[in-house]
There are 2 protein chains.
Amino acid sequence: MARRERSRLPAPERRGQIIAAATALVAERGFWGLSMQDVADACGLTVPGLLHHVGSKDGLLIAVLEHRDAEDRRAIGDPPPSDLRALCAALVRRNATQPEIVRLFAVLAAESLAPDHPAHDYFAVRQQGVLDSLTTLAKPVTARPEALARQIIATMDGLQLQWLRAPAGTDLVAMWEAAAQMLFGGPTASAGRPARSR
Amino acid sequence: MARRERSRLPAPERRGQIIAAATALVAERGFWGLSMQDVADACGLTVPGLLHHVGSKDGLLIAVLEHRDAEDRRAIGDPPPSDLRALCAALVRRNATQPEIVRLFAVLAAESLAPDHPAHDYFAVRQQGVLDSLTTLAKPVTARPEALARQIIATMDGLQLQWLRAPAGTDLVAMWEAAAQMLFGGPTASAGRPARSR
DNA sequence: GTCTATAGGACGATAGAC
DNA sequence: GTCTATCGTCCTATAGAC
């Protein structure tokens, strides 16, 4: 009777495995619907084994979000594009390749509206930070940079929800391109490959 | 020792009370985070008493959504405004007065992206229906009615999220008005009271 | 670093009395 | 229409062995 394979990984790799599994499960059920048992099963661990690595259920969520932040910084590049339209196009193109991550944020963004949600503060800070960044970039473009920034963020968030609900019938990049034409005017200037700004 | 007051309401009123309590709690925690015990407590009932009225936890959610649909139809009026911009402004003005309902939809819309969520089909049908309606209304306005409809829906959904996360610092109607000027052009024509541009 | 064992609740749902 | 009592399951977390 073959005993369940339990490969005894070194801590950092195990942590990566745990975060990957948790990312998928949180995207699926949210934090309230997440079960430590399911995460442990997905990693071939028992629940106490899992808790040894992340401390608690809240700790697991925080690990997932911190990992996402690190990945995002890496992917966007430092410094990020300084042209607003090019930056948006780059973000959308990247999001279109990873629906699971987009869903993670969509689900947690809504769930965390509750003040006692463990990611409440994280998303409040994040929303303000993104708004500030885009507002700064919008200053050369319009007389009302904050209004434009808010609308860009809203459009991206909203289009992502439509896309996630009907991924077969919709193309996120095409939807954004259509929206960008209305927001920025003129047909696609910066949506193409080059996108090297900076 | 005063026994808990348990007023033995007639069924229809009790049902209304249950739906109101459940609406608030689902908005707060989502469906996965909802506990029948909490709903029962909020109504001065025991859990079996609650189940007598709604059958199951899924049944409770369905009752909440059906009640919302009925309320919405009542509020928008029949027939609804046939001018696209006026209809949007009316929707936004109404939503601004009931953040709890907006949050209910925001949380369930995200949670229900999971195919096995009890409201998955409800939101899929709803999204398509809203898109179809707005697309029809957009036909006189633009050469690409579906793109405009999608962007309007995205903008409303996204702005609502921003508003719910920082209700103190933001005004939903003002945010929409700014967005509408970019989407439809020109300052406010149909937003209700004169609402001078700015 | 991972396990077994278990504590200690909360959960949704059912049966049957009143 | 609402109760009491209870079932069986799931949950997070801890203690301590290996």
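Below, chains carry the letters A, B, ... as their sequence lines are ordered, and counting in each starts from 1.
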J.: If I take atom CD in residue A/Gln17 and atom P in nucleotide C/dG1, what distance separates them, rounded to the nearest angstrom?
T.: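 It works out to 14 Å between those atoms.
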
J.: So, using side chain to side chain donor-acceptor pair (under 3.5 Å) as the criterion, who are the partners of B/Asp132 when residues are at least two apart?
T.: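 Counting only residues at least two positions away or on another chain, B/Asp132 forms a side chain to side chain donor-acceptor pair (under 3.5 Å) with B/Gln128.
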
J.: Is any side-chain N of the basic residue among A/Arg85 and A/Glu177 closer than 4.0 Å to the acidic one's carboxylate O?
T.: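 Here A/Arg85 pairs with A/Glu177 in a salt bridge, since their nearest N and O are under 4.0 Å apart.
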
J.: Tell me the salt bridge (charged side-chain N to carboxylate O under 4.0 Å, His left out) pairs involving residues 27-36 of chain B, sequence neighbours left out?
T.: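 Counting only pairs at least two positions apart or across chains, the salt bridge (charged side-chain N to carboxylate O under 4.0 Å, His left out) contacts touching residues 27-36 of chain B are A/Asp116-B/Arg29, B/Glu28-B/Arg103.
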
J.: Between C/dG1 atom P and A/Ile18 atom CD1, what is the distance in whole Å?
T.: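 That distance rounds to 11 Å.
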
J.: Please write out the pairs of protein N or O atoms and N or O atoms of nucleotides 12-16 of chain D separated by less than 3.5 Å, giving the distance to one decimal.
T.:
| residue | atom | partner | partner atom | Å |
| --- | --- | --- | --- | --- |
| D/dT12 | OP1 | A/Leu34 | O | 3.3 |
| D/dT12 | OP1 | A/Met36 | N | 3.1 |
| D/dT12 | OP2 | A/Met36 | N | 3.0 |
| D/dA13 | OP2 | A/Lys57 | N | 2.9 |

J.: Could you state the CZ-C1' distance from A/Arg29 to D/dC11, rounded to the nearest angstrom?
T.: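 Taking CZ of A/Arg29 and C1' of D/dC11, I get 14 Å after rounding.
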
J.: Using atom types as modelled, flag every donor-acceptor pair under 3.5 Å from a side chain in residues 53-61 of chain B to any protein atom, sequence neighbours excluded.
T.:
| residue | atom | partner | partner atom | Å |
| --- | --- | --- | --- | --- |
| B/Ser56 | OG | B/Gly59 | N | 3.1 |
| B/Lys57 | NZ | B/Phe31 | O | 3.1 |
| B/Lys57 | NZ | B/Leu34 | O | 2.9 |

J.: For the residue pair A/Val141 and A/Pro145, establish whether any side-chain heavy-atom pair is separated by less than 4.5 Å.
T.: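 Result no, sub-4.5 Å side-chain heavy-atom pair not found.
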
J.: In whole Å, what is the span from the CG atom of A/Leu9 to the C1' atom of C/dG1?
T.: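 Interatomic distance, CG of A/Leu9 to C1' of C/dG1: 10 Å.
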
J.: Distance check: side-chain N/O of B/Arg8 vs OP1/OP2 of D/dC3, anything under 4.0 Å?
T.: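 No, B/Arg8 has no side-chain N/O under 4.0 Å of OP1/OP2 on D/dC3.
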
J.: Can you check the A/Asp38 CG to D/dC10 C1' distance for me, whole Å?
T.: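 Computing the A/Asp38:CG to D/dC10:C1' distance gives 10 Å.
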
J.: Report the distance from atom CG of B/Asp41 to atom P of C/dA10, rounded to the nearest whole Å.
T.: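 About 12 Å, once rounded to whole Å.
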
J.: Does any pair with a residue in residues 149-173 of chain A pass salt bridge (charged side-chain N to carboxylate O under 4.0 Å, His left out), and if so which ones, sequence neighbours excluded?
T.: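 Sorted pair list: A/Glu146-A/Arg150.
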
J.: It should be established whether B/His53 places a side-chain nitrogen or oxygen under 4.0 Å from OP1 or OP2 of nucleotide D/dT2.
T.: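 Yes, B/His53 has a side-chain N/O under 4.0 Å of OP1/OP2 on D/dT2.
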
J.: Side-chain N or O of A/Thr46 less than 4.0 angstrom from OP1 or OP2 on C/dT2?
T.: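 Indeed not, no polar side-chain atom of A/Thr46 lies that close.
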
J.: For B/Trp32 and D/dC11, what is the distance between atoms CH2 and C1' respectively, to the nearest whole Å?
T.: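 For the pair B/Trp32 CH2 and D/dC11 C1', the rounded distance is 16 Å.
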
J.: With sequence neighbours left out, write down each residue that passes salt bridge (charged side-chain N to carboxylate O under 4.0 Å, His left out) with A/Arg94, or none if nothing qualifies.
T.: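 Salt bridge (charged side-chain N to carboxylate O under 4.0 Å, His left out) check on A/Arg94 returns A/Asp72.
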
J.: Starting at atom CG of A/Leu50, determine the distance to atom C1' of C/dT4, rounded to an integer number of angstrom.
T.: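 Interatomic distance, CG of A/Leu50 to C1' of C/dT4: 16 Å.
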
